[in-house]
Amino acid sequence: MPNRLVAIGDSTVEGIEDPGPDGVYIGWADRFARHLDVIHPGLLYANLAVRGQTAREVHETQLRPALALAPDFAVFVAGVNDVLRPKFDRDALRDDLFAIHARLAATGAQVLTFTMPDMARVAPLAVVLRRRLQFLNSITLQCRERYGSIVVDLASVPAASHPALWHTDRLHGNSEGHRRIAAALAEAVGYEVADWRAEPPPVPKASGVRVALNEVAWVGSHLFPWAWELVRGQSSSDGVTCKRPNLLPVT
């Protein structure tokens with residue numbers, strides 16, 4: 001029987017900001033599936049991720065369908081949308097992440113995930129979220145100890161927070177960022193890849209005025225629309241379905 005890979009989580013798992021030629025986002029999960037298909041020819045792959053979902057929403061809407069697909073490998077990333085909410089429930093996030101890792105591991109699947117890099121280098125305003133991200137990362141690392149999940153520690157790799165690997169929205173990797181995450185996961189399961197840790201070319205240092213102007217532009221074009229959506233009780237997940245609900249051959 002062919003090996004099965006199932007991906008669950010939020011927008012980064014869906015592949016946001018890594019556009020494909022057909023208008024459908026590719027993303028690191030799709031790219032990782034291609035690497036894994038080399039090791040396990042005939043791999044079947046499903047991606048149940050939905051943008052905007054919190055860990056609780058992933059737990060409630062994606063976990064059961066994922067388990068029904070009986071994965072041999074499962075990639076799971078969620079929690080950043082929890083970190084971004086005004087009210088941050090640490091206990092709830094911990095419980096949901098532990099439960100998802102535990103249920104996937106109990107099936108015999110190899111679970112893979114990664115920690116989040118410090119985004120202050122990409123978005124200076126993100127420094128206010130640093131402790132929340134550190135908490136999320138601490139839970140992710142605990143899942144390695146508790147459930148045997150493979151955790152790629154992007155937080156410990158300086159290049160992971162390089163601005164050249166991030167989209168202008170500062171929430172998602174660009175195509176090169178997605179490519180590197182896929183390579184990191186592939187390396188973690190034994191695939192030989194080019195060094196994804198290499199530091200990209202340096203970005204010219206901007207003046208204080210330019211940094212301030214960039215922050216104002218980002219707030220207007222990305223942060224404010226997101227906050228307004230939140231105030232209105234809306235989510236980017238509204239009306240969105242996953243892009244690959246069924247197990248299909250990678251190639």
Side-chain angles (χ1 to χ4, degrees), residues 2-53 57-58 61-63 65-81 100 104 109-117 140 149-152 154 157 160 164-169 171-197 236-237 240-251:
N3 280 275
R4 301 177 174 201
L5 168 65
V6 178
I8 63 173
D10 53 26
S11 57
T12 185
V13 187
E14 183 183 346
I16 299 297
E17 306 308 347
D18 182 17
D22 55 359
V24 176
Y25 288 117
I26 303 171
W28 58 260
D30 288 20
R31 294 172 181 271
F32 172 62
R34 295 173 188 170
H35 287 303
L36 199 58
D37 188 46
V38 175
I39 306 173
H40 302 283
L43 179 76
L44 300 177
Y45 166 54
N47 189 321
L48 311 183
V50 176
R51 68 193 71 176
Q53 289 201 339
E57 290 169 328
V58 174
T61 66
Q62 297 182 38
L63 180 59
L67 294 173
L69 296 175
D72 300 288
F73 299 91
V75 288
F76 162 52
V77 174
V80 171
N81 289 313
I100 293 171
L104 289 170
Q110 178 62 72
V111 184
L112 298 97
T113 188
F114 52 81
T115 59
M116 298 298 165
T140 301
S149 301
I150 292 177
V151 178
V152 175
L154 295 182
V157 179
L165 305 182
W166 290 85
H167 186 263
T168 54
D169 69 0
L171 291 174
H172 303 97
N174 56 25
S175 293
E176 175 62 10
H178 280 278
R179 185 195 69 77
R180 290 192 182 216
I181 293 173
L185 291 169
E187 181 184 83
V189 296
Y191 188 87
E192 293 187 9
V193 295
D195 186 10
W196 55 271
R197 300 174 184 81
S236 57
S237 65
V240 177
T241 57
C242 64
K243 66 179 183 181
R244 195 180 175 103
N246 301 311
L247 287 164
L248 298 170
V250 175
T251 56

Exercise. Mind checking side chain to side chain contact (heavy atoms under 4.5 Å, CB included) for Ser175 and listing every partner two or more places apart, or none if nothing turns up?
Key: Asp18, Pro19, Arg31
Practice problem: Specify the closest pair of heavy atoms between Phe32 and Ala182, including all atoms of both residues, with the distance to one decimal. | Solution: N-CB, 3.6 Å
Exercise. Quick one: pull up CG in Leu48 and OG1 in Thr241 and give me the separation to the nearest 0.5 Å.
Key: 11.0 Å
Practice problem: Kindly state each residue pair satisfying side chain to side chain donor-acceptor pair (under 3.5 Å) with at least one member in residues 19-28, sequence neighbours excluded. | Solution: Thr12-Trp28
Review item, side-chain donor-acceptor pairs of residues 34-43, under 3.5 Å, at least two apart:
from  : atom 1 : to    : atom 2 : distance (Å)
Asp37 : OD1    : Gly42 : N      : 3.1
Asp37 : OD1    : Leu43 : N      : 3.0
His40 : ND1    : Asn3  : ND2    : 3.4

Quiz item: Which atom names give the shortest non-hydrogen contact between Val58 and Phe76, and what distance separates them?
Solution: CG1-CE1, 4.0 Å
Quiz item: Sequence neighbours excluded, which residues qualify as side chain to side chain donor-acceptor pair (under 3.5 Å) partners of Ser149?
Solution: His101
Exercise. Give a yes or no on whether the backbone of Ala164 and the side-chain of Asn174 come within a donor-acceptor separation of less than 3.5 Å.
Key: yes
Quiz item: Between atom CZ of Phe114 and atom CD1 of Ile181, what is the distance when rounded to the nearest 0.5 Å?
Solution: 4.5 Å
Quiz item: What pairs of residues pass the salt bridge (Lys or Arg N to Asp or Glu O under 4.0 Å) test when at least one of them lies in residues 4-14, not counting sequence neighbours?
Solution: Glu14-Arg51
Practice problem: Search all heavy atoms of Ala7 against all heavy atoms of Val13 and return the closest pair with its distance. | Solution: CB-CG1, 3.7 Å
Exercise. Would you check if the side chain of Ser11 reaches a backbone N or O of Gly52 as a donor-acceptor pair within less than 3.5 Å?
Key: no
Quiz prompt | Test side chain to side chain donor-acceptor pair (under 3.5 Å) applied to Arg244 - qualifying residues, sequence neighbours left out | solution = none
Quiz item: Strictly by modelled atom types, are Glu17 and His172 linked by a side-chain donor-acceptor pair under 3.5 Å?
Solution: no
Exercise. Find the distance between OH (Tyr45) and CG (Asp30) and round it off to the nearest 0.5 Å.
Key: 3.5 Å
Self-check item: Pairwise side-chain contact, Met116 with Val80, heavy-atom cut-off 4.5 Å (strictly under)
Solution: yes
Quiz item: In Å and rounded to the nearest 0.5 Å, what is the CD1 to CG distance from Ile100 to Leu63?
Solution: 6.0 Å
Quiz item: Which atom names give the shortest non-hydrogen contact between Pro71 and Val6, and what distance separates them?
Solution: CB-CG2, 3.7 Å
Self-check item: salt bridge (Lys or Arg N to Asp or Glu O under 4.0 Å) contacts in which one or both residues fall within residues 180-189, not counting sequence neighbours
Solution: Glu176-Arg180, Glu187-Arg197
Exercise. Check Val151, Val152, Ile150 against Leu112 for a side chain to side chain contact (heavy atoms under 4.5 Å, CB included) and give me the one that passes.
Key: Ile150
Quiz prompt | Least distance between heavy atoms, Ala29 atom then Asn47 atom | solution = CB-ND2, 3.7 Å
Exercise. Let me see the working for Leu5 and Val250 under side-chain contact (heavy atoms from CB on, under 4.5 Å), right down to the final yes or no.
Key: CA-CA 10 Å; Leu5 168 65; Val250 175; over 6 Å; no
Quiz item: Which pair of non-hydrogen atoms, one from Trp166 and one from Pro117, has the smallest distance, and what is that distance?
Solution: CZ2-CG, 3.7 Å
Quiz prompt | Gap separating the CG atom of Leu154 from the CH2 atom of Trp196, nearest 0.5 angstrom | solution = 5.5 Å
